[in-house]
Amino acid sequence: MRRVIATLALLGAAAGVQGAIQDEPPLVFQRICNIERGQDDAAAELARDWEELVRGSFPGAEMTVTTGRWMTGFQNIERPFNQILIRERHLDAEMRQDFTDLLMADEGFRALQRKMLDVVDFGTCTETQFRERP
């Protein structure tokens, strides 16, 4: 029962239903990873599947997955790599952790993560966490 309540509270808050005024701007988490050479089509498909899963299984959650090129410590401007960007937006760190726990319990999400092993060079991933500007 406790899990269901936590899930509903998480999804309700992610959809903008909140009972109190939020003091701090939302928390944004981003992970950017280089796509392995020759895996651009697989990465684009993975990004679509990831967003579909989140939209379908977790209505109101704010997550985007896109491919492109961003400047990171692993991005060489002379030999650029295509990259995948995973971006989440949460009201606070606790909600981010709750969302992560829900994703990790989802078999469809775990299958997408296994698929990602062949598409992404995990050694190049960079993570950023920040508060949005008000």
Side-chain angles (χ1 to χ4, degrees):
M1 186 67 154
R2 180 171 255 177
R3 180 70 163 196
V4 172
I5 292 169
T7 302
L8 292 174
L10 167 70
L11 296 178
V17 179
Q18 46 190 98
I21 296 174
Q22 185 177 341
D23 292 334
E24 297 196 54
L27 181 67
V28 176
F29 170 79
Q30 294 185 154
R31 175 178 288 148
I32 300 173
C33 304
N34 287 356
I35 297 169
E36 294 284 3
R37 299 255 185 228
Q39 294 296 321
D40 293 340
D41 290 341
E45 180 182 338
L46 181 67
R48 282 189 304 272
D49 291 348
W50 200 316
E51 282 194 343
E52 280 179 25
L53 177 116
V54 170
R55 252 192 324 272
S57 299
F58 308 100
E62 295 186 46
M63 175 184 262
T64 57
V65 183
T66 56
T67 58
R69 291 185 180 164
W70 297 270
M71 287 308 298
T72 66
F74 294 102
Q75 189 72 319
N76 181 336
I77 201 154
E78 294 174 10
R79 291 191 67 217
F81 273 81
N82 290 333
Q83 297 170 308
I84 192 164
L85 166 64
I86 302 155
R87 185 176 196 270
E88 303 173 26
R89 184 176 179 271
H90 305 281
L91 296 180
D92 57 38
E94 185 178 329
M95 286 188 68
R96 178 176 186 269
Q97 186 58 53
D98 290 346
F99 182 67
T100 298
D101 292 344
L102 289 171
L103 285 177
M104 295 310 293
D106 185 275
E107 180 53 42
F109 179 77
R110 289 196 311 267
L112 287 176
Q113 289 215 308
R114 288 189 296 273
K115 201 176 186 184
M116 200 171 178
L117 292 172
D118 297 327
V119 175
V120 169
D121 177 0
F122 283 98
T124 64
C125 294
T126 60
E127 294 182 1
T128 311
Q129 187 168 295
F130 57 91
R131 292 265 178 206
E132 275 186 351
R133 285 185 162 185

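Keep in mind that this is a model prediction, so the values were computed, not measured.
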When clusters are formed by joining ILVMFWY residues with side-chain heavy atoms under 4.5 Å apart, either directly or through shared neighbours, do [X] and [Y] land in the same one?
| X | Y | answer |
| --- | --- | --- |
| F109 | L102 | yes |
| W50 | F122 | yes |
| V54 | V28 | no |

Whether F99 and F58 hold their rings parallel, tilted or perpendicular, with breakpoints at 30° and 60°
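If you compare the ring of F99 with that of F58, the planes turn out perpendicular.
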For R55, is there an ion pair with E52 - N to carboxylate O distance below 4.0 angstrom?
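Salt bridge flag = no for R55 with E52.
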Is it true that E51 and R87 make a salt bridge, defined as a side-chain N closer than 4.0 Å to a carboxylate O?
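Salt bridge: no.
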Close side-chain approach of [X] and [Y], heavy atoms under 4.5 Å:
| X | Y | value |
| --- | --- | --- |
| E24 | D92 | no |
| L53 | D106 | yes |
| V120 | R31 | no |
| T124 | F81 | no |

Distance (rounded to the nearest 0.5 Å) between E36 CD and D118 CG:
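One gets 9.0 Å once the value is rounded to the nearest 0.5 Å.
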[X] to [Y] - nearest heavy-atom pair and separation:
| X | Y | value |
| --- | --- | --- |
| P26 | R89 | CG-NH2, 3.0 Å |
| R69 | P80 | NH1-CG, 3.4 Å |
| M116 | I84 | CE-CG2, 4.3 Å |
| L46 | L112 | CD1-O, 3.7 Å |

Residues which pass side chain to side chain contact (heavy atoms under 4.5 Å, CB included) with A42, listed by chain and number, not counting sequence neighbours
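Result, side chain to side chain contact (heavy atoms under 4.5 Å, CB included) vs A42: Q39, V119.
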Please determine whether the number of non-hydrogen atoms from other residues, nucleotides or ligands lying under 6.0 Å from atom CG of D41 exceeds 12.
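For D41, atom CG is not crowded (no more than 12 foreign heavy atoms under 6.0 Å).
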